[in-house]
Amino acid sequence: MTKMRVRFAPSPTGALHIGGVRTALYDYLLAKKHGGTFVLRIEDTDQKRYVEGAEDYIVNALKWCGLEPDEGPGIGGDFGPYRQSERKDIYQKYMQQLLDNEHAYYAFDTAEELDAMREKVKAEGKHSFQYDASTRMMMRNSLSLSEEDVKVLLENETPYTIRFKMPENQEVTVNDLIREEVTFQTNELDDKVLMKSGGLPTYHLANIVDDHLMEITHVIRGEEWLPSTGLHVMMYRCFGWEDSMPKFAHLPLILKPAPNTYVTKRTKDQFTESFAAEFMKSTDLEISLEDVKKIVAQVFSNPKDIQSQLKVGKNDDGKKKAVKAFLKSAMYGKLSKRDGDRLGFPVFPLSWEGKSEADSFVGFKEIGFDAKAVNNFLVFLGWNPGTEQEMFSMKEMINAFSLERVGKSGAKFDYEKARWFNQQYLMNKDDEKIAEELGVLLSEKGLGANEAFLEKVAAMMKERVHFIPEILESGYYLFEPIKSYDDKTIQKRWKPESREKMNLLAATIKGIMSFDAITIESAVKQFMEEQELGFGEVLPILRLAVSGTTMGPSVFDIMALLGHEETVNRMTASYKYFDGVIVE
RNA sequence: GCUCCUGUGGACAAACUGGUUAAGUCGUUGCCCUUUCACGGCAGAGAUUGCGGGUUCGAACCCCGUCAGGAGUACCA
């Protein structure tokens with residue numbers, strides 16, 4: 001049996017989307033499980049969409065996720081180059097083979113002519129123009145033109161594309177590893193452009209040639225490719241490579257979260273605002289923001305049933321239709337990079353600095369996600385082990401993974417679940433490691449603390465947050481003076497008449513010799529007994545005095561961490577503040 | 001429009017080739033723990049398996065029809 005070779009073939013048109021990361025993960029898992037090779041190939045055949053830095057981003061993102069390729073640009077391997085822009089000559093050669101075998105032909109139609117043709121067909125009320133066996137003889141190409149004309153056109157360096165000559169009346173069936181047999185009629189398929197006028201191949205050509213030459217055995221890609229797989233199989237056939245054709249596996253799409261998960265009674269006003277504003281930016285219709293808001297608000301009037309509100313009604317005018325169409329595309333379908341901003345979660349592994357603010361995104365990493373948690377979350381977007389195991393290390397994933405257990409239906413992105421996974425990983429993470437990261441974050445803020453201190457912070461905070469940076473937010477008072485107090489609770493708990501006893505408490509604490517949590521706790525309890533005070537009269541006040549908030553770890557732990565002097569200082573200072581709150 | 005894919009509780013999803021009251025996880029609700037928050041533990045709510053027929057002793061699973069959603073339909077990938 002030949003060695004398994006799996007490739008990840010992204011296009012450097014921007015930051016690598018989380019869906020791409022999942023594909024890479026599955027590629028990696030499959031390859032590693034079978035002792036195969038994981039290949040990275042950069043598909044940069046579209047010079048117009050090429051984005052500076054995107055390739056580096058892809059490499060860095062894979063690295064962060066622990067999905068390092070065995071072969072690829074900058075890594076090497078026996079099947080290079082691994083950048084399609086560096087393989088031009090190869091495509092030319094194979095293009096010629098198809099031309100020679102009459103499986104492809106020159107087409108001289110300009111973009112304008114093609115557009116005009118599409119317009120014309122549409123105007124006639126037909127669905128849409130398709131360049132295929134039924135129409136190709138009406139177009140300007142080496143099939144319809146005389147040999148002499150073609151020769152002249154080519155000699156005059158008339159721009160041309162090369163199209164695949166889709167055979168008639170045939171059936172192609174794709175044996176997809178996930179979807180089983182999918183059959184296409186060649187008569188439904190069109191003559192796709194294989195070589196663009198600039199001499200660069202389109203995806204279809206480059207992909208087939210490279211997969212063949214690189215001896216790829218398994219092609220894992222998103223479901224959006226399924227409709228063109230008929231063409232791809234046909235191409236393998238025409239090249240005479242059908243016997244060694246890779247196996248295909250089309251992954252279910254990652255979908256936007258269901259609107260009813262975020263548009264609720266509480267949030268609908270907020271989303272009405274933001275969607276209306278986004279619509280205004282995207283439209284050139286003459287409509288006021290107020291009117292748009294009204295339409296959006298109507299659609300959101302019953303958050304549980306947005307979908308039916310989105311249906312175009314008989315009385316809807318053009319503007320209403322436009323707003324509804326916008327909402328539909330914004331709220332349903334494939335997860336897109338815009339969704340991150342819209343809904344407040346990351347859709348990229350790493351942050352991306354685009355040319356503008358609108359083109360910049362925060363990544364999972366920067367939010368504080370552990371790459372392991374991201375992998376664990378992603379592997380479940382379309383796959384499940386069939387057991388009840390939820391947490392998987394990379395090793396376990398490799399072991400458990402199989403394409404047979406990949407589902408067919410689209411998986412909605414669930415940020416809550418991603419957060420949950422991160423929390424699980426965080427709770428199991430060593431305090432030492434958390435302390436290390438905390439130290440870095442702290443110094444970025446211009447603060448500092450010693451390692452032992454940070455480890456204690458990590459231990460008591462890690463199960464209370466979802467992300468490491470959150471520790472610095474909800475537990476900021478461990479590093480800085482108290483910024484704000486929970487006044488409501490102060491008003492409820494701070495009794496001027498017990499001021500004297502509270503002073504006594506401060507004095508008691510001041511008198512503790514060994515300032516550790518256990519000693520403090522017993523001292524406080526003893527104090528309460530002596531003074532005949534209940535927990536409710538003492539603990540909330542103590543907590544407030546020391547941290548400003550009623551939430552957080554055990555007060556005694558906080559006090560021990562802050563230290564003797566700081567604790568006492570905070571108590572006296574806070575008491576003064578409490579008095580002020582009561583007076584108001 | 002056409003082609004292809006998909007359709008199990010709010011979300012993910014199990015049920016291997018049809019077989020008892022349709023797993024489990026996230027979320028949600030309540031209780032316990034803690035006089036805080038979280039973690040943890042326990043319990044509950046939530047599904048006529050998109051809908052309608054059919055085959056069968058028996059259907060989420062097979063057949064037919066229907067509806068809905070998604071993807072593709074570029075000299076983009």
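Source: prediction; values computed, not measured. The chains referred to below are lettered A, B, ... by the order of the sequence lines, with proteins before strands, and numbering in each begins at 1.
Residue-level contact check: Leu539(A) touches neither bases nor backbone, having no heavy atom under 4.0 Å from any strand. In this structure, Gly386(A) reaches neither bases nor backbone, as no heavy-atom distance under 4.0 Å exists between it and the strands shown.
A gap of 15 Å separates the P atoms of G46(B) and G24(B), to the nearest Å. For C2(B) and G18(B), the C1' atoms lie 35 Å apart once the distance is rounded to whole Å. With C1' as the reference atom, U21(B) and A15(B) are 15 Å apart, rounded to whole Å. When the P atom is compared between A23(B) and C31(B), the two are found 26 Å apart, to the nearest whole Å. Spacing between U25(B) and C32(B) at atom C1', rounded to whole Å, works out to 23 Å. Spacing of P atoms, G65(B) relative to A47(B), comes out at 31 Å, to the nearest Å. Nucleotides U20(B) and U49(B) have their P atoms positioned 15 Å apart, rounded to a whole Å.
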Show me the protein contacts with nucleotides 73-76 of chain B, counting only N or O atoms at under 3.5 Å.
residue: C75(B); atom: O2; partner: Ser197(A); partner atom: N; Å: 2.7
residue: C75(B); atom: O2; partner: Ser197(A); partner atom: OG; Å: 2.8
residue: C75(B); atom: N3; partner: Ser197(A); partner atom: OG; Å: 3.1
residue: C75(B); atom: N4; partner: Asp109(A); partner atom: O; Å: 3.3
residue: C76(B); atom: OP1; partner: Lys48(A); partner atom: NZ; Å: 3.4
residue: C76(B); atom: OP2; partner: Lys196(A); partner atom: NZ; Å: 3.1
residue: C76(B); atom: O2'; partner: Asp46(A); partner atom: OD2; Å: 3.0
residue: C76(B); atom: O2'; partner: Arg49(A); partner atom: NE; Å: 3.1
residue: C76(B); atom: O2'; partner: Arg49(A); partner atom: NH2; Å: 3.1
residue: C76(B); atom: O2; partner: Arg49(A); partner atom: NH2; Å: 3.3

What nitrogen or oxygen pairs link the protein and nucleotides 38-46 of chain B at under 3.5 Å?
residue: A38(B); atom: O2'; partner: Glu463(A); partner atom: O; Å: 2.1

Pick out the pairs of N or O atoms, protein on one side and nucleotides 17-22 of chain B on the other, that lie under 3.5 Å.
none

Polar atom pairs between nucleotides 2-8 of chain B and protein, under 3.5 Å, N or O only, would you list them?
residue: C5(B); atom: O2'; partner: Arg179(A); partner atom: NH1; Å: 2.7
residue: C5(B); atom: O2'; partner: Glu223(A); partner atom: OE2; Å: 2.8

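Ring pair Tyr106(A)/Phe108(A) is parallel by interplanar angle, where below 30° counts as parallel and above 60° as perpendicular. The aromatic rings of His232(A) and His204(A) lie tilted to each other, with the angle between the two planes from 30° to 60°.
The aromatic ring centres of Trp225(A) and Tyr203(A) sit less than 6.0 Å apart. For Phe392(A) and Phe401(A), the ring centers sit 6.0 Å or farther from each other.
Of the candidate nucleotides A71(B), A23(B), G10(B), A23(B) has the atom lying nearest to any side-chain atom of Glu388(A). With distances taken from any side-chain atom of Arg405(A) to the nucleotides A71(B), A14(B), A11(B), the minimum falls on A14(B). Of the candidates G70(B), A11(B), A68(B), G70(B) carries the atom nearest the Lys328(A) side chain, counting heavy atoms from C-beta on.
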Would you write out the dot-bracket form of RNA chain B, 5' to 3', with Watson-Crick and G-U pairs under 3.5 Å, [ ] for crossing pairs, | for pairs to other strands and . for unpaired bases?
(((((((..(((......[....))).(((((.......))))).....(((((..]....))))))))))))....

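Taking atom CZ on Phe345(A) and atom P on C26(B), their separation rounds to 20 Å, with Å as the unit. Atom pair Glu180(A):CD and C62(B):P shows a separation of 10 Å (rounding to whole Å applied). The NZ-P distance, from Lys412(A) to A71(B), rounds to 12 Å in whole Å. Going from atom NZ of Lys417(A) over to atom P of G10(B) covers 16 Å, rounded to whole Å. Rounded to whole Å, atom P of G24(B) lies 15 Å from atom CG of Asn384(A). Put simply, CZ on Phe380(A) is 11 Å from P on A13(B), counting in whole angstrom units. As rounded to whole Å, 16 Å separates atom C1' of C26(B) from atom CG of Leu378(A). When rounded to the nearest whole Å, the span between OH of Tyr262(A) and C1' of G27(B) equals 17 Å.
Judged by the 6.0 Å distance and 45° axis criteria, Arg221(A) is not positioned over the aromatic ring of Phe248(A). Figure legend: Arg419(A) and Phe421(A) shown without cation-pi pairing, the cationic atom not lying both under 6.0 angstrom from the six-membered ring centre and within 45 degrees of its axis.
Side-chain contact check for Met195(A) versus Tyr160(A): every heavy-atom pair is 4.5 Å or farther apart. Looking at heavy atoms from C-beta onward, Phe413(A) lies in side-chain contact with Phe377(A) at the 4.5 angstrom threshold. Lys429(A) places none of its side-chain heavy atoms less than 4.5 Å from the side chain of Lys462(A).
Judged purely by distance below 3.5 Å, without hydrogens or angles, the side chains of Tyr82(A) and Asp210(A) never pair a donor atom with an acceptor atom. No donor-acceptor contact under 3.5 angstrom links the side chains of Arg163(A) and Asn141(A), judged on distance only.
Take Asp44(A) and apply the salt bridge (Lys or Arg N to Asp or Glu O under 4.0 Å) test, not counting sequence neighbours, and it matches no residue.
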